[in-house]
Amino acid sequence: MLLDVRGRGRWTFLSSTAACIWAHLSADGDAEKASTAVADHYRVDPAMVEIDTRALAEDLLTRKLLVLDGGGGR
């Protein structure tokens with residue numbers, strides 16, 4: 001779960017896979033590294049995980065729960 005702490009108090013529930021992606025993505029903001037780590041964890045095709053990782057990042061960006069840093073990373 002993610003909590004929007006900007007005064008809204010809204011929770012966003014993540015599937016176990018999305019939570020795993022989020023844990024890796026939030027560690028250093030590198031979508032490629034997160035995809036590789038999750039693919040290794042679940043023993044699946046990294047290309048498929050990269051699609052899911054980017055979709056999650058785009059959704060979180062849309063909800064303003066994820067922001068781009070000054071370097072263009074996430």
Side-chain angles (χ1 to χ4, degrees):
M1 289 187 287
L2 298 176
L3 173 62
D4 184 347
V5 294
R6 297 171 295 168
R8 296 182 182 149
R10 294 184 182 161
W11 289 92
T12 299
F13 294 90
L14 302 175
S15 69
S16 60
T17 304
C20 186
I21 292 170
W22 172 251
H24 289 285
L25 188 59
S26 64
D28 69 4
D30 187 313
E32 187 174 333
K33 285 182 185 177
S35 297
T36 300
V38 173
D40 289 346
H41 176 80
Y42 286 105
R43 296 183 181 137
V44 296
D45 179 11
M48 294 304 297
V49 176
E50 186 171 346
I51 291 168
D52 292 342
T53 300
R54 296 204 180 275
L56 176 63
E58 292 301 323
D59 181 54
L60 294 175
L61 281 167
T62 299
R63 295 173 188 235
K64 298 184 179 170
L65 294 172
L66 182 67
V67 294
L68 297 175
D69 69 15
R74 293 189 176 159

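- Thr12 has its side chain within reach of Leu65: a pair of non-hydrogen atoms, C-beta onward, lies under 4.5 Å apart.
- Taken together through direct or relayed side-chain contacts under 4.5 Å among Ile, Leu, Val, Met, Phe, Trp and Tyr, Val49 and Ile51 form parts of separate hydrophobic clusters.
- For Asp59, the salt bridge (Lys or Arg N to Asp or Glu O under 4.0 Å) test picks out Arg63, with sequence neighbours left out.
- Evaluation of the side chain to side chain donor-acceptor pair (under 3.5 Å) test over residues 38-50, restricted to residues two or more places apart or in two chains, returns Glu50-Arg54.
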Would you mind writing out the side-chain donor-acceptor pairs for residues 13-27 within the sub-3.5 Å range, not counting sequence neighbours?
residue : atom : partner : partner atom : Å
Ser15   : OG   : Ala18   : N            : 3.1
Ser26   : OG   : Trp22   : O            : 2.8
Ser26   : OG   : Ala23   : O            : 3.3

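- Across all non-hydrogen atoms, the minimal contact from Pro46 to Ser35 is O-CB, 4.5 Å.
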